[in-house]
Amino acid sequence: MSILVTGGLGFIGSHTTIELLEAGYDVVIIDNLSNSSKEIKNKIETITKKQVKTYYIDLLEKAALKQIFMRHHIESVIHFAGYKAVGESVGQPLKYYINNIVGTLNLCQVMDEFKVYHLVFSSSATVYGAQTKLPLTEESSVKAINPYGKTKLFIEEILKDVSNSNHKWKVLLFRYFNPVGAHPSGKIGEFQNGKQHSLIAAIFQVLTGELKYFKVFGGDYETKDGTCIRDYIHVDDLAKGHIAALKKIDDLDQVETFNLGTGHGYSVLEVIKTFERVLGRKIPYQIKERRPGDIAISYSDPTKANEKLNWKTEKTLVDMCTDVLRWEIKQNRLPELMKVSSINAM
Ligand code: WQD
């Protein structure tokens with residue numbers, strides 16, 4: 001019996017595949033390499049010393065997808081595959097709706113045909129939009145404000161209908177907060193393809209010299225230091241949440257939503273200060289205009305996942321900064337910092 005991981009060479013997918021293999025599961029990956037590379041498969045196999053069957057196909061290729069289900073006895077599917085750049089989604093909504101939604105419809109149809117009814121879906125805290133009542137629980141109201149977030153919300157609704165049509169389905173909807181960090185080995189991390197305009201990507205553009213200083217988008221929010229607050233979660237903690245879910249899936253209701261976050265919020269300036277501590281040097285920044293579409297504060301109440309999945313985050317913001325730094329250095333993106341003894345010792 002195998003676990004099918006769609007988007008298994010992606011950021012969260014690759015870290016989850018490592019945890020699955022190390023937990024003794026047999027894993028089959030499908031990935032269209034739109035935001036990953038074949039090299040990541042080799043890294044997964046080096047880290048785990050296990051082989052992972054990988055098919056470079058797209059969920060839009062339904063015939064090829066069927067072949068996978070014919071060739072392997074799939075017991076559950078963890079579905080990561082999807083485009084995730086918010087800014088890009090605003091400019092190219094159709095690309096996002098076709099890829100994320102039609103891809104998921106194909107996957108569900110083939111699963112149904114092969115009587116595979118366990119599905120864990122990679123959703124996002126983006127579905128909550130701007131909220132006044134915090135922390136965010138799974139009962140908080142939802143209002144996606146960009147095409148990327150809308151694909152996540154629409155897919156959640158589709159999966160609820162699919163699951164309610166046949167009691168054999170078990171669907172877990174995982175709403176990730178802000179995944180950051182990298183595998184402690186430094187061998188895998190978030191693939192920077194220039195499409196992400198995330199806080200972490202921008203910090204590294206400063207460290208590599210691509211940017212002269214970090215632009216803090218807004219310093220006048222109603223927060224402790226005027227900058228936005230987010231619930232940053234280490235990608236390894238996130239990956240472990242999927243293993244916990246597979247172990248509990250039979251005891252859960254047909255469709256269940258879970259917030260995967262730490263329950264703590266950190267401001268942009270707090271993240272910068274933490275990076276400076278780990279790095280042992282200052283990161284130049286300037287306070288600029290707010291970024292359109294940003295919300296002031298977002299952080300989770302992860303109690304439901306803690307209790308029902310018997311899962312809790314363990315890693316700190318320092319771990320996240322240290323691990324992502326190690327990953328960037330091991331890619332030789334930051335050679336001039338190699339002289340920094342504390343980092344070399346990592
Ligand atoms: C975090 C904070 C920015 C860059 C995104 C996706 C969301 C989810 C998580 C997938 C914000 C500030 C950033 C910079 C800055 N991904 N910032 N200067 O927007 O919370 O969410 O990642 O599910 O879908 O939208 O993350 O890292 O872009 O921004 O000040 O150069 O950092 O304003 O407050 P975000 P982010």
Side-chain angles (χ1 to χ4, degrees), residues 7 10-13 35 79-90 96 100 121-131 134 136 142-153 155-156 173-181 190-208 210-235 238 241 259-262 265-275 283-300 317 320-321 324:
F11 179 39
I12 304 169
N35 194 19
H79 177 31
F80 294 107
Y83 295 147
K84 65 173 184 177
V86 170
E88 184 184 52
S89 80
V90 174
Y96 273 67
N100 292 6
F121 173 60
S122 157
S123 189
S124 166
T126 305
V127 302
Y128 290 117
Q131 295 281 333
L134 291 154
L136 293 167
V142 290
K143 188 180 181 328
I145 51 176
N146 55 65
Y148 159 75
K150 286 177 187 172
T151 66
K152 293 296 184 184
L153 196 52
I155 292 169
E156 285 192 8
L173 307 172
F174 274 1
R175 291 174 179 168
Y176 307 148
F177 280 72
N178 287 53
V180 294
E190 184 158 25
F191 201 68
Q192 293 303 341
N193 61 5
K195 284 184 193 162
Q196 280 90 351
H197 302 289
S198 70
L199 184 153
I200 299 296
I203 286 182
F204 282 98
Q205 286 173 323
V206 176
L207 296 181
T208 57
E210 290 161 70
L211 287 177
K212 282 196 172 23
Y213 57 84
F214 179 86
K215 293 186 186 116
V216 176
F217 294 143
D220 58 350
Y221 286 97
E222 298 282 307
T223 61
K224 53 188 145 181
D225 60 16
T227 65
C228 291
I229 290 175
R230 294 288 184 275
D231 183 335
Y232 298 97
I233 175 172
H234 196 292
V235 63
L238 197 52
N259 282 343
L260 296 193
T262 65
Y266 290 102
S267 76
V268 175
L269 290 181
E270 283 175 321
V271 176
I272 291 176
K273 296 278 169 272
T274 306
F275 253 106
I283 295 174
Y285 68 85
Q286 288 184 16
I287 307 277
K288 295 290 186 184
E289 289 304 302
R290 296 182 176 191
R291 179 172 68 175
D294 270 344
I295 52 176
I297 306 177
S298 166
Y299 66 96
S300 68
L317 188 59
M320 296 176 216
C321 296
V324 75

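Atoms within each ligand, like the ligands themselves, are counted from 1 in listed order.
At the top of the distance list for atom 12 (C) of ligand 1, counting protein heavy atoms only, stands V268 CG2, 3.8 Å. The single protein non-hydrogen atom nearest to atom 32 (O) of ligand 1 is L199 CD1, 3.3 Å, given as residue, atom name and distance. Of the protein's non-hydrogen atoms, the one nearest atom 31 (O) of ligand 1 is A202 CB, 3.2 Å. For atom 22 (O) of ligand 1, the nearest protein heavy atom (residue, atom name, distance) is N178 ND2, 3.8 Å. Looking at atom 24 (O) of ligand 1, its nearest protein heavy atom turns out to be T126 OG1, 2.7 Å. Residue, atom and distance of the protein heavy atom nearest to atom 20 (O) of ligand 1 are R230 NE, 2.6 Å. Of the protein's heavy atoms, R291 NH2, 2.9 Å lies nearest to atom 28 (O) of ligand 1.
Considering both main-chain and side-chain atoms, K84 never comes within under 3.5 Å of ligand 1 through any nitrogen or oxygen pair. In terms of polar-atom proximity, V216 is not counted as a contact of ligand 1, lacking any N or O under 3.5 Å from an N or O of the ligand. Taking distance alone, with nitrogen or oxygen atoms compared against 3.5 Å, F217 approaches ligand 1 more closely than that limit.
Ring geometry for F121 against H79 counts as tilted: the plane angle lies between 30° and 60°, on a 0 to 90° scale.
Under a 4.0 Å heavy-atom criterion, H197 is in contact with ligand 1. At least one heavy atom of Y232 sits under 4.0 Å from some atom of ligand 1.
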If you apply the rule side-chain contact (heavy atoms from CB on, under 4.5 Å), what do you find for E210 with F204, and how did you get there?
CA-CA 8 Å; E210 290 161 70; F204 282 98; over 6 Å; no
Can you list the steps and then say if Y221 with R290 is a side-chain contact (heavy atoms from CB on, under 4.5 Å)?
CA-CA 9 Å; Y221 286 97; R290 296 182 176 191; 3.5 Å; yes
Check against side-chain contact (heavy atoms from CB on, under 4.5 Å), F275 and V324:
CA-CA 10 Å; F275 253 106; V324 75; 3.5 Å; yes
Trace of the side-chain contact (heavy atoms from CB on, under 4.5 Å) decision for I272 with T227:
CA-CA 11 Å; I272 291 176; T227 65; over 6 Å; no
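In summary, the atoms of ligand 1 found under 4.0 Å from a heavy atom of C228, numbered by their order in the structure, are 34 (O). Those atoms of ligand 1 that come under 4.0 Å of a heavy atom in S198, given as number and element, are 4 (C), 27 (O), 28 (O), 36 (P). Proximity to S124 (heavy-atom distance under 4.0 Å) selects the following atoms of ligand 1: 23 (O), 24 (O). Each of the atoms 14 (C), 15 (C), 18 (N), 30 (O), 31 (O) of ligand 1 lies under 4.0 Å from some heavy atom of K215.
Scanning Y266, Y148, Y285, Y176 for the heavy atom closest to atom 10 (C) of ligand 1 points to Y148.
Counting heavy atoms closer than 4.0 Å to ligand 1, residue V86 contributes side-chain atoms (C-beta onward) but none from N, CA, C or O. Neither the backbone nor the side chain of K152 has any atom closer than 4.0 Å to an atom of ligand 1 (non-hydrogen atoms only).
With hydrogens and angles disregarded, no donor-acceptor distance shorter than 3.5 Å links the side chain of N259 to the backbone of G261. Without hydrogens or angle criteria, N146 side chain to V90 main chain gives no donor-acceptor distance under 3.5 Å. Side chain of K224 to backbone of Y266: no donor-acceptor contact under 3.5 angstrom is found.
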